[in-house]
Number of protein chains: 2
Amino acid sequence: MSNTARGQYREVADRIRDSIDQGVYQRGELLPTEDQLADRLGVHRATVNKALKVLLAEGLVRVHRGKGTYVTEIPVIHRAAVGRQRRETREAGQARGAFDAELRALGLTPRSDVTPERTSAAAEVAEKLEIDEGADVLARRRTMFANDVPVQLAVSYIPWSIAEGTPLTEADPGPGGAYSRLEELGHAPAVFTETLRVRPPDAHEADKLKLSPDQRVIAVTRVARTSAGQAVEVNNIVLPAHQWELSYEWPAD
Amino acid sequence: MSNTARGQYREVADRIRDSIDQGVYQRGELLPTEDQLADRLGVHRATVNKALKVLLAEGLVRVHRGKGTYVTEIPVIHRAAVGRQRRETREAGQARGAFDAELRALGLTPRSDVTPERTSAAAEVAEKLEIDEGADVLARRRTMFANDVPVQLAVSYIPWSIAEGTPLTEADPGPGGAYSRLEELGHAPAVFTETLRVRPPDAHEADKLKLSPDQRVIAVTRVARTSAGQAVEVNNIVLPAHQWELSYEWPAD
DNA sequence: GAGTGGTCTAGACCACAGA
DNA sequence: CTGTGGTCTAGACCACTCG
């Protein structure tokens, strides 16, 4: 087995979790330092540190090295994959896209950095786009924030042969986003595929998303194809696993 | 940030990972003990222990307490959610279902325990099935194995008013599985929804799936509805996160 | 510089597996 | 009984943040 003797650090984690649930420590508030918690709970600091990693895994706390440990203020974000590409969704309300709409629904303030760039396709991307390795692609790199907390990285790849000279190469591709432009260019996406893996963050992801090695990301690879089966976009999306809930819906046939 | 000074244990993890990748330690093989690794690599055992937890998170190794640490022998299993309910998929080849087919495709030997049971619906299940809390439901509990390694837990709930007196209450519901029976009973599922969360395993899951608290599970809640929008089945699926790759596909409209 | 969390070493005890 | 990994304490050093 693996779990019979629970370990003191789990008791400590339970006690701190209870304090958070009961409002002793409020959302966004700084917890006592590990030394203080160790004193109060009568254990060594290393045990408190391990307990806090449990809460970190659960997404209950957030750590700023050199500053302290905070109670998480961002609720779990729901991402409904199916439907988010629809024009109505993309243009709904004040939102500039599905991501914006989801965050506003939770009372959060979305923010997003975009960097379009012409580059050459790595092997995995080229394979999925069915182009030659090293061929030119447009890479649109996005970092998304909720209340200034980073919650998503995404890199969208589109063959340069499609994107060249179009608004797709701009930071803001215009109303309805990139999918609307692809539609107008005669490359309307008709079928979407998403493939998911859960893994520890790599160094770049840990840095950008402020994650510790004890946390996980959900790596989503989305491929958009035309009705002719031609892949027109590959999107590599990285989400802090504790911050998201994903949903999918499809017909039986 | 969180990751600038990499930490010695990550170097140790890299070295052990390299040894596994290069075949120094083979699939299914027992690694040297933590004491031995600590001696060879010139670090304290606690550092080796922490390094092994990194590899555990990546799914590269498996730990049997009291015995040792083994190189994982099960490859990542792919689960294509869309299409697995189709009759052709369910009845394909020698397989008794989509799960069987997926494992056989990887050269693994599937095995599965099923325990049907009449019970009363918990709040979350009742809400999704749109029945009264505490109303009777059929619960079909499954534990699935690949080469005798547990790889999935699932509990399928069907209102007792539908299941009573049908083959659904049997351990083997017959050809094509439960969905075929629902179809014949006039409750053919027409729309499926899956909602995913990543979290640490609870005590029961850790025990059944032989997981350590440092690992994660993907908790999938699937709801099957008829074309009239009536929920007929709720399935709570728990997967060791490091062992699976999930995929979904859907049309743009 | 003082305070924070991240990590490492040292040594110890425990729970579990198997001879 | 011995050997394994899991955990705890003690004490130390480091990197980062902020005044």
Side-chain angles (χ1 to χ4, degrees), chain A residues 1-16 25 29-57 60-72 200-201 203 206-207 210-215, chain B residues 1-16 25 29-57 60-72 200-201 203 206-207 210-215:
Chain A
M1 310 324 150
S2 51
N3 207 25
T4 341
R6 287 229 317 142
Q8 199 174 9
Y9 74 98
R10 311 198 113 234
E11 298 295 338
V12 172
D14 288 345
R15 293 184 60 177
I16 302 175
Y25 308 120
E29 192 183 332
L30 197 54
L31 288 183
T33 70
E34 295 186 350
D35 277 329
Q36 287 168 348
L37 287 169
D39 278 352
R40 293 191 203 172
L41 300 170
V43 297
H44 191 264
R45 177 168 82 92
T47 305
V48 172
N49 184 272
K50 209 171 175 200
L52 287 174
K53 290 201 191 299
V54 174
L55 303 185
L56 193 64
L60 266 178
V61 302
R62 196 165 46 89
V63 178
H64 271 215
R65 201 165 155 182
K67 288 168 77 177
T69 304
Y70 297 81
V71 181
T72 303
D207 181 43
K210 309 255 175 77
L211 297 177
S212 97
D214 303 298
Q215 298 180 300
Chain B
M1 311 328 143
S2 52
N3 208 25
T4 341
R6 287 231 315 143
Q8 200 174 7
Y9 74 98
R10 312 197 111 234
E11 299 295 338
V12 172
D14 288 345
R15 293 185 58 177
I16 302 175
Y25 308 120
E29 193 183 331
L30 196 54
L31 288 183
T33 70
E34 295 186 350
D35 277 328
Q36 287 169 350
L37 287 169
D39 278 351
R40 291 191 205 172
L41 301 171
V43 297
H44 190 265
R45 178 168 82 92
T47 304
V48 173
N49 185 273
K50 209 170 176 202
L52 288 174
K53 289 200 192 300
V54 173
L55 303 185
L56 193 64
L60 265 179
V61 303
R62 196 165 47 88
V63 178
H64 271 215
R65 199 164 155 186
K67 287 168 77 177
T69 304
Y70 296 81
V71 180
T72 303
D207 180 42
K210 309 254 173 78
L211 297 177
S212 98
D214 303 298
Q215 297 180 301

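Since the structure is predicted, the reported quantities are computational estimates derived from the model, not experimental observations. In what follows, chains are A, B, ... by sequence order, proteins preceding strands, each numbered from 1. Scope of the values below: all heavy atoms of this structure, side chains included, with no hydrogens, waters or symmetry mates.
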B:N49 vs D:dG5: side-chain N/O to OP1/OP2 distance below 4.0 Å: no
For atom CD of A:Q36 and atom C1' of C:dG5, their distance in whole Å: 13 Å
Nucleotide D:dG3, atom P - distance to CG of B:L37 in whole Å: 17 Å
Nucleotide C:dT4, atom P - distance to CG of A:L30 in whole Å: 9 Å
Spacing between B:K67 atom NZ and C:dA19 atom C1', to the nearest angstrom: 13 Å
Separation of atom CG in B:L52 from atom P in C:dC8, rounded to whole Å: 13 Å
Listed partners of A:V71 passing side chain to side chain contact (heavy atoms under 4.5 Å, CB included), at least two apart: A:I20, A:Y25, A:L31
Nearest-0.5 Å distance, CG of residue B:L60 to OG1 of residue B:T69: 12.5 Å
Spacing of B:H64 atom NE2 relative to C:dA15 atom C1', expressed in whole Å: 16 Å
Separation between CZ of A:R62 and CG of A:L55, rounded to the nearest 0.5 Å: 14.5 Å
5' priority, DNA chain C, between A:G66 and B:Y9 [closest heavy atom]: A:G66
Side chains of residues 39-47 of chain B: which donor-acceptor pairs under 3.5 Å do they make with residues two or more places apart or in other chains?
unit_1	atom_1	unit_2	atom_2	d
B:H44	ND1	B:A46	N	3.0
B:R45	NH1	B:E34	OE1	2.8

B:S212 backbone acceptor or donor facing B:Q215 side chain under 3.5 Å: yes
Gap between atoms NZ and P, on B:K50 and C:dG6 respectively (whole Å): 9 Å
Length of the line joining A:D35:CG and C:dT4:P, which is rounded to integer Å: 7 Å
Grab the N/O contacts between the protein and nucleotides 9-11 of chain D below 3.5 Å, and write none if there aren't any.
unit_1	atom_1	unit_2	atom_2	d
D:dT9	OP2	A:H44	N	3.0
D:dT9	OP2	A:T47	OG1	2.4
D:dA10	N7	A:H44	NE2	2.9

NZ-CG distance between A:K50 and B:D214, expressed to the nearest 0.5 angstrom: 6.5 Å
